[in-house]
Structure formats: C-alpha cells, structure tokens
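Positions are given from 1 along the sequence. Remember, predicted model here, so these are calculated numbers, not experimental data.
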Amino acid sequence: MRRGRATGVVRPTVDAYAPFDLVTDPRALGLAREAIDTAHGRTVVHHAASPADRSARRRATVMLHGAAGSWTTWTPLLQAAREVDAVVSRPVLIDLPGWGGSPEPDPGLDVESAAAVVVEVAEALGVTEFDLVGHSMGAFVALHLAAVRPDLVLSVSVVSATSFSAIDAVTHPVRGLVRLPAFTLLRAVFGVLPRASASLLRGAARIGLLRALSSPVFRHVDRVPRSVLQAFVAELRPRGFLAASRSGQGYDASRWRAIDCDVAAVSGADDVFARSSDLDRLGEVVRHARTTLLADCGHFAHVERPHETMRALGWVEG
C-alpha cells in the first residue's frame with residue numbers, strides 16, 4: 001500500500017450507537033485475571049487461557065487502554081466480535097500501571113516505560129509475538145513499540161489515537177488551545193490541581209453530573225450506557241493523565257517510519273482529543289497504514305461504534 005493513502009470515511013448504516021455495557025466479570029468473556037510483577041510495579045492482566053497448541057501459545061492479541069480506561073474499555077469490542085463470530089486470537093488485556101487494578105508507579109508511566117511493561121507482561125505469559133491494539137494513549141504506546149521492537153509486533157490496530165495533534169498540543173500549548181482545546185484545557189486543570197481534581201471529579205459524578213463530565217468525549221453522551229460513563233470518570237486519573245501526556249512533549253513521530261508491519265487506524269470524526277488530519281499524516285509516515293474516519297463518533301470509537309470499528313480494523317469483512 002502506498003504512502004499518503006487517502007483516509008476512507010465511513011458513515012454508520014445502522015443506528016446502533018454504544019450498544020454494549022461494560023463487562024466487569026472477566027469470566028463472562030472467557031478471561032482470567034492475573035497480576036504480574038514488572039519493573040514498574042504489579043500489573044493486572046486479563047487474558048484467555050493459554051492454547052494447548054504450543055506454537056499458538058506464542059502469539060497473542062495485546063490490547064492497551066487509553067488514559068481514562070482499563071481492560072474493561074475493550075469489552076464492547078469483544079462483545080461485538082462474539083456477535084459476528086469474529087476470532088480474536090488469545091486476547092491479553094493489560095491494565096497499565098496506574099490504571100484499572102494496577103497500582104500507580106512513582107514516577108508516573110511514560111511511553112517508554114509503558115512499552116517496557118507490555119514486553120515484560122508478554123514474556124511472563126510466554127508470548128513472543130503479538131498483534132497490538134491500542135486506544136488513545138494506548139495507541140501511542142502501540143505505535144512506539146512497533147517502531148522500537150519490530151521483532152515482537154506482527155500488526156498494529158489503533159483506535160482514536162492521540163498522535164500528531166496531541167504531540168503538538170503538549171509541545172506548543174498555546175497552539176494546542178486553538179487546535180485541541182478540550183485536551184489542552186484538561187491538561188491545564190489537572191496540572192494546577194493534580195490531586196484535588198480526582199476528588200472533584202468523583203464528587204461531581206455523585207451529585208448527578210456524570211453525563212456532563214463525559215459529554216466532550218462521546219458524540220451522543222445521552223445514549224452511552226451508564227457503566228461506560230462511570231468507568232470513564234473513575235479512570236480519569238489526573239496524575240496518570242499528566243504523566244502520559246508529558247511523553248508527547250517533543251516526541252519525534254517520524255520514528256514511526258520504522259514501522260514495517262500492517263497498521264490499521266480508525267478515529268471518530270467528532271474526536272476532541274485528535275484531528276481527522278492525524279489519520280492522513282499517519283498514512284504519510286507509516287508505509288503500510290490503512291486509515292478510516294467514522295462519522296458521528298467521538299473519542300471512544302470501539303465503544304460508540306464497535307461494529308464499524310471492527311470492520312475498519314479488518315477483523316470482519318466490510
């Protein structure tokens with residue numbers, strides 16, 4: 001596939017917006033919970049049982065959540081895959097340190113540390129090659145890992161990636177205020193009140209402001225299941241968010257030119273943490289990139305439009 005491929009635009013054909021609640025019991029999806037010690041702290045992982053076939057054990061689908069998520073953020077996509085009998089080979093859902101059930105490291109996790117955790121978790125599970133799937137911050141980590149460890153990464157699927165525009169907003173905050181105002185303002189508030197912000201968020205949710213707090217990131221917040229909104233606010237952790245976003249300051253995205261595996265990228269047209277032009281830029285930098293923009297969708301494409309996201313990523317026939 002040639003570089004600079006135009007981004008395809010997909011308009012939903014069925015009005016099934018955010019059709020799934022989050023699954024919080026891993027057994028319902030055939031997953032087991034395990035805690036793995038890494039150099040950056042204990043890391044909670046939910047994964048499918050190791051296949052009986054020894055050769056199949058070495059490959060997995062490693063899924064990385066964003067900066068306001070955990071392993072549960074992927075459960076709508078896995079439920080959609082079950083509906084159409086799409087096979088997700090040995091899913092491994094990681095709670096990166098500081099998120100979900102994994103304790104917060106000190107200092108907070110940056111992109112290099114996050115990538116190292118993914119490799120350590122894979123090694124502990126006997127995985128020697130994997131297909132990476134990442135959302136938001138997790139997509140940033142996935143692209144970085146594919147560039148620096150091509151020996152491990154077979155393919156990359158990124159959903160609502162924070163990439164070029166986010167890097168620019170962190171590096172040049174004034175410009176970011178114009179181009180990504182929601183992202184830039186959130187960083188500014190968290191930077192001034194990193195500890196108090198978490199308490200304020202929880203308090204606001206308790207007095208009925210859950211949908212108001214979540215409205216910027218979802219295209220139709222009034223149609224999003226309450227379990228999704230509760231998880232989003234619970235996982236919006238200021239210190240972790242700031243540590244993750246600092247990784248973008250001065251990050252050289254041209255290093256993604258080293259990625260030689262297939263890359264599928266999908267984003268929502270109404271994403272406040274990214275710009276649609278980010279997909280075009282990714283297609284120019286990564287030689288094997290296939291990019292899709294979903295209309296009527298915000299920052300959580302895999303939750304808001306799971307079926308369309310699966311098709312865009314090539315998990316099912318379009």
Side-chain angles (χ1 to χ4, degrees), residues 22-51 57-79 81 88-105 108-149 152-162 231-232 234-237 240-241 243-244 247 300 302-303 313:
L22 297 190
V23 174
T24 56
D25 183 353
R27 294 170 297 181
L29 293 172
L31 305 176
R33 183 185 188 277
E34 184 173 349
I36 296 172
D37 289 322
T38 74
H40 296 279
R42 180 156 291 192
T43 301
V44 173
V45 183
H46 293 83
H47 61 95
S50 179
R57 295 178 198 171
R58 294 196 292 268
R59 180 170 181 169
T61 303
V62 177
M63 309 180 81
L64 308 176
H65 60 80
S70 69
W71 74 275
T72 62
T73 194
W74 294 111
T75 60
L77 194 64
L78 294 179
Q79 290 176 87
V88 182
S89 176
R90 196 185 176 189
V92 174
L93 285 59
I94 301 176
D95 278 354
L96 291 168
W99 309 97
S102 299
E104 183 179 10
L109 210 65
D110 60 15
V111 65
E112 297 278 358
S113 302
V117 167
V118 174
V119 174
E120 285 190 76
V121 167
E123 290 176 346
L125 296 177
V127 174
T128 58
E129 54 186 17
F130 41 81
D131 301 287
L132 271 178
V133 186
H135 169 243
S136 191
M137 169 197 74
F140 189 97
V141 174
L143 290 166
H144 177 78
L145 188 52
V148 300
R149 291 300 306 267
L152 298 177
V153 181
L154 299 176
S155 70
V156 177
S157 298
V158 294
V159 180
S160 307
T162 48
F232 169 71
E235 290 296 338
L236 193 54
R237 303 180 183 183
F241 183 91
S247 293
F300 281 76
H302 56 314
V303 175
L313 297 178

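With hydrogens and angles disregarded, no donor-acceptor distance shorter than 3.5 Å links the side chain of R149 to the backbone of V119. Side-chain atoms of D95 do not come within 3.5 Å of backbone N or O of V44 as any donor-acceptor pair. Under a 3.5 Å cut-off, the side chain of E235 and the backbone N or O of G100 do form a donor-acceptor pair. For the pair T75 (side chain) and V23 (backbone), a donor-acceptor distance under 3.5 Å is present. For R59 (side chain) and T128 (main-chain N/O), no donor-acceptor pair under 3.5 Å exists by modelled atom type. Of the possible polar contacts, none joining the T61 side chain to the P91 backbone as a donor-acceptor pair under 3.5 Å is found. For E120 (side chain) and A39 (main-chain N/O), a donor-acceptor pair under 3.5 Å exists by modelled atom type. Between the side chain of H144 and the backbone N or O of A115, no donor-acceptor pair lies under 3.5 Å. Counting only distance, with no hydrogens or angles, the side chain of T38 and the backbone of V117 share no donor-acceptor pair below 3.5 Å.
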| query | Going through the checks in order, is the side chain to side chain contact (heavy atoms under 4.5 Å, CB included) test met by V153 and F130? | reply | CA-CA 5 Å; V153 181; F130 41 81; 3.8 Å; yes
| said: Working note: F232 + F300, criterion side chain to side chain contact (heavy atoms under 4.5 Å, CB included); need CA distance, chi angles, decisive distance, verdict. | reply: CA-CA 10 Å; F232 169 71; F300 281 76; 3.8 Å; yes
| task | Would you sort out whether H135 and T73 count as a side chain to side chain donor-acceptor pair (under 3.5 Å), showing the intermediate values? | result | CA-CA 9 Å; H135 169 243; T73 194; 4.8 Å; no
| task | Test L77 against V88 for side chain to side chain contact (heavy atoms under 4.5 Å, CB included), laying out the working first. | result | CA-CA 10 Å; L77 194 64; V88 182; over 6 Å; no
| query | Checking side chain to side chain contact (heavy atoms under 4.5 Å, CB included) for the pair V118/L64: CA distance, chi angles, key distance, verdict? | reply | CA-CA 9 Å; V118 174; L64 308 176; 3.7 Å; yes
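Here the CG-CD distance, from L154 to E129, works out to 4.5 Å after rounding to the nearest 0.5 Å. The line from CD1 of I36 to OG1 of T43 is 7.5 Å long, rounded to the nearest 0.5 Å. In this structure, OG on S157 lies 9.0 Å from CG on L132, to the nearest 0.5 angstrom. For the atom pair CE (M63) and NE2 (H47), the distance works out to 15.0 Å, reported to the nearest 0.5 Å. From S102, atom OG reaches atom CG of L109 across 9.5 Å, with rounding to the nearest 0.5 Å. In this structure, CE on M137 lies 11.0 Å from CG on D110, to the nearest 0.5 angstrom.
Shown are L31, L29, D25; of these, the side-chain contact (heavy atoms from CB on, under 4.5 Å) with R27 is made only by D25.
Between W74 and H65, the distance separating the two ring centers is not shorter than 6.0 angstrom.
In plain terms, the two heavy atoms of G98 and P105 that are nearest each other are N-CD, 3.7 Å. Taking all atoms of both residues into account, the shortest heavy-atom contact from P26 to T24 is CD-O, 3.4 Å. Here the shortest heavy-atom pairing between G240 and E104 reads N-OE2, 4.3 Å.
Within the 4.5 Å cutoff, the side chain of V111 has heavy atoms near those of the F140 side chain. Using a 4.5 Å cut-off on side-chain heavy atoms (C-beta onward), L125 and R90 make contact. At least one side-chain heavy atom of V92 sits less than 4.5 Å from a side-chain heavy atom of V45. In this structure, L78 and L93 have side chains that are in contact, with non-hydrogen atoms separated by less than 4.5 Å.
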